**Student:** 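First the structure, then my questions, so here it is.
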Protein chains: 2
Amino acid sequence: MTMRTPIQCSQCSMQSICVPAGLVPTDVEILDKCSREPHLFNKRNVVFSEGQKLNSVFAIKSGSVKCYTIDSNGKQQITSFHMVGDIVGLESLASGSAATYCETMETSMLCEIRLSKLFAQELPKVESNLLQLMSRRLANCSKHYLNVVNTSAEQKVVAFLLSISTHMHQHGLSRSEYRLPMTRTDIANYLGLAVETVSRIFTALKEQQLINTEQSILTINDFTALESRVA
Amino acid sequence: MTMRTPIQCSQCSMQSICVPAGLVPTDVEILDKCSREPHLFNKRNVVFSEGQKLNSVFAIKSGSVKCYTIDSNGKQQITSFHMVGDIVGLESLASGSAATYCETMETSMLCEIRLSKLFAQELPKVESNLLQLMSRRLANCSKHYLNVVNTSAEQKVVAFLLSISTHMHQHGLSRSEYRLPMTRTDIANYLGLAVETVSRIFTALKEQQLINTEQSILTINDFTALESRVA
DNA sequence: CGACGGATTGAGGGGATTCAAATGTAGTGG
DNA sequence: CCACTACATTTGAATCCCCTCAATCCGTCG
């Protein structure tokens with residue numbers, strides 16, 4: 001974990017979608033005092049562990065993380081992936097302790113926002129921003145649930161690839177070509193499939209010219225065809 | 001939909017777990033002005049429809065509801081069940097429009113809390129209560145996700161029954177004997193299984209003396225045995 | 001009583017998993 | 001820099017769990 005020159009909220013590229021959204025400049029200054037400068041995490045670094053005291057959320061400025069729990073048999077179950085522009089840790093706010101592990105999947109820059117300090121400032125706009133973020137996450141959560149329940153393995157994988165594409169597009173990146181930071185094993189775990197099944201589906205989609213993969217770079221060739229598969 | 005004598009938040013049995021939790025009496029009075037008196041809904045009544053303008057949440061004082069979406073093929077997919085003590089509609093807060101349909105599964109009494117009016121009052125405690133509620137729901141959401149992904153059909157059903165048991169217990173009701181307000185078809189839909197599979201699992205569990213069903217009344221005979229199945 | 005929807009049970013087929021092995025890729029240390 | 005190792009990915013074959021289809025049973029309500 002390396003230190004970097006502090007970047008303040010007031011100069012941050014995520015300002016419009018993060019906690020400070022809609023705040024007046026003077027309030028952003030207060031927020032600055034409550035957030036730590038962004039930290040650079042190496043690949044496979046643990047950001048926080050399940051059960052640990054946690055009164056912060058983390059904004060992903062670059063890179064990506066996976067959140068997972070470990071069940072009584074020691075098996076890891078991934079509950080969510082988060083990429084650039086996401087806020088991590090919202091589900092831990094109620095209990096004050098982390099509901100999952102959070103681990104970087106690549107070199108990533110995260111910005112910690114200490115909520116306990118923030119709430120003490122009584123900025124109503126901040127709380128309503130958090131409500132917005134959380135409500136949106138709830139909606140996403142059930143959307144993902146719909147993908148996983150009651151659909152074939154192919155539909156799950158296609159819906160997964162399209163949802164990342166949408167996320168990338170919403171953050172100004174290419175929706176037809178992006179890097180998949182997670183392994184096939186992680187994807188399989190997340191979707192409740194066997195690795196082999198995921199791999200077979202990738203090759204099948206490639207044979208049909210719908211997608212292409214080169215290393216971890218994924219290219220989507222035919223959106224309409226893919227979208228028709230998840231309908 | 002029938003009217004009843006108004007019950008104010010200040011006299012409500014759900015006070016401690018609902019939006020007014022922790023408010024001072026004078027604030028509860030303000031809240032009272034923002035909520036409508038509880039309404040009695042008949043079985044299979046639609047509380048709200050997907051896409052409709054919605055700036056309220058609903059507290060379930062009695063009865064139960066199911067939330068579902070309808071996909072492009074017209075197929076209903078249940079996203080959540082809610083029973084006594086739950087707050088419904090949190091995921092719609094961000095967009096201002098309902099993310100799902102909400103329908104009663106039995107005669108139910110719901111209390112509408114109009115958030116738009118509430119937020120105008122600037123009661124910081126109310127917003128932080130909502131944050132708590134929503135964060136807890138997020139945690140529940142991923143817990144349910146864990147049940148559905150990567151487990152056998154039996155594990156899904158057992159985990160489902162146990163989660164309802166826990167909910168009942170948390171609300172002062174018996175954890176070993178309760179009424180299942182939803183049909184087997186609904187359970188199957190929710191868990192992503194075929195009705196027949198759910199039915200077969202119920203009979204198998206009965207044959208092993210782990211549970212009993214009489215009409216819609218479910219009795220749990222052996223918690224430890226059931227819990228060992230989901231581990 | 002008859003009709004209807006919900007629940008149960010049986011038989012058969014198919015999609016996904018498991019097991020097994022080969023290939024490809026990345027990371028390490030000599 | 002390359003051999004070596006560990007891990008990720010891919011592919012094949014066999015099995016199994018769950019789904020689909022179909023028929024029957026049960027409880028409720030008109």
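The structure displayed is predicted, hence computed values, not measured ones. Order of the sequence lines sets the chain letters (A, B, ...), proteins ahead of strands, with each chain counted from 1.
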**Student:** Between Ser135(A) and Glu91(B), do the side chains contain a donor N or O and an acceptor N or O under 3.5 Å apart?
**Tutor:**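 No - no donor-acceptor pair under 3.5 Å links their side chains.
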**Student:** Glu214(B) has an atom CD; how far is it from atom P of dT28(D), in whole Å?
**Tutor:**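 For the pair Glu214(B) CD and dT28(D) P, the rounded distance is 11 Å.
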**Student:** Just how far, in rounded Å, is C1' of dC29(D) from CG of Asn42(B)?
**Tutor:**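 In whole Å, dC29(D) C1' and Asn42(B) CG are 16 Å from each other.
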**Student:** Would you say the ring centers of His144(B) and Tyr190(B) fall short of 6.0 Å from each other?
**Tutor:**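 That pair passes the under 6.0 Å test.
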**Student:** Would you kindly give the CD1-to-P distance between Ile201(B) and dC17(D), to the nearest whole Å?
**Tutor:**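 Computing the Ile201(B):CD1 to dC17(D):P distance gives 12 Å.
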**Student:** Please state whether the phosphate of dC19(D), meaning OP1 or OP2, lies under 4.0 angstrom from any side-chain nitrogen or oxygen of Thr197(B).
**Tutor:**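 For dC19(D), OP1/OP2 do have a side-chain N/O of Thr197(B) under 4.0 Å.
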**Student:** Between which nucleotides of DNA chain C, read 5' to 3', does contact with chain B run, using atoms under 4.0 Å from its heavy atoms?
**Tutor:**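 Counting from the 5' end, contacts occupy dG6(C) to dA11(C).
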**Student:** Report the distance from atom CD1 of Ile187(A) to atom P of dT9(D), rounded to the nearest whole Å.
**Tutor:**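 Atom-to-atom, Ile187(A) to dT9(D), this comes out as 8 Å.
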**Student:** With no hydrogens and no angle check, just 3.5 Å: does a side-chain donor-acceptor pair link Gln77(A) and Thr69(A)?
**Tutor:**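 The criterion, which ignores hydrogens and geometry beyond distance, is not satisfied for Thr69(A) and Gln77(A).
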**Student:** To the nearest angstrom, how far is Lys75(B) atom NZ from dC19(D) atom C1'?
**Tutor:**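 In whole Å, dC19(D) C1' lies 13 Å from Lys75(B) NZ.
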**Student:** For Lys43(B) and dT28(D), give me the distance from atom NZ to atom P, rounded to whole Å.
**Tutor:**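 It is 10 Å, rounded to the nearest whole Å.
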**Student:** Any chance the side chains of Ser64(A) and Glu106(A) put a donor and an acceptor closer than 3.5 Å?
**Tutor:**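 Side chains of Ser64(A) and Glu106(A): pair found under 3.5 Å.
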**Student:** Using a heavy-atom cut-off of 4.0 Å across all strands, would you classify Ser199(B) as base, sugar-phosphate, or nothing?
**Tutor:**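 Answer is base: heavy atoms of Ser199(B) come under 4.0 Å of a base.
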**Student:** Are Arg179(B) and Ser216(B) close enough that a side-chain donor and a side-chain acceptor fall under 3.5 Å?
**Tutor:**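 Note: Arg179(B) and Ser216(B) side chains meet the donor-acceptor criterion.
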**Student:** When you check the side-chain N and O atoms of Asp222(B) and Gln209(B), is any donor under 3.5 Å from an acceptor?
**Tutor:**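 Looking only at side-chain atoms, Gln209(B) and Asp222(B) do not form any donor-acceptor pair under 3.5 Å.
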**Student:** Do the side-chain N and O atoms of Lys43(A) and Thr104(A) include a donor-acceptor pair separated by under 3.5 angstrom?
**Tutor:**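 Their side chains do not contain a donor-acceptor pair, so the 3.5 Å distance test is not met.
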**Student:** Does Glu196(B) contact dC21(D) through a side-chain donor or acceptor facing the base, at a distance under 3.5 Å?
**Tutor:**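 Indeed, a donor on one side and an acceptor on the other fall under 3.5 Å apart.
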**Student:** Rounded off to whole Å, could you give me the CZ-to-P distance for the Phe202(A) and dT11(D) pair?
**Tutor:**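 For the pair Phe202(A) CZ and dT11(D) P, the rounded distance is 13 Å.
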**Student:** Using atom CZ of Arg200(B) as one end and atom C1' of dC17(D) as the other, report the distance to the nearest whole Å.
**Tutor:**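 It works out to 11 Å between those atoms.
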**Student:** Nearest to the Lys206(A) side chain among dT28(D), dT10(D), dC19(D), which nucleotide is it?
**Tutor:**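 Of the options given, the side chain of Lys206(A) lies nearest dT10(D).
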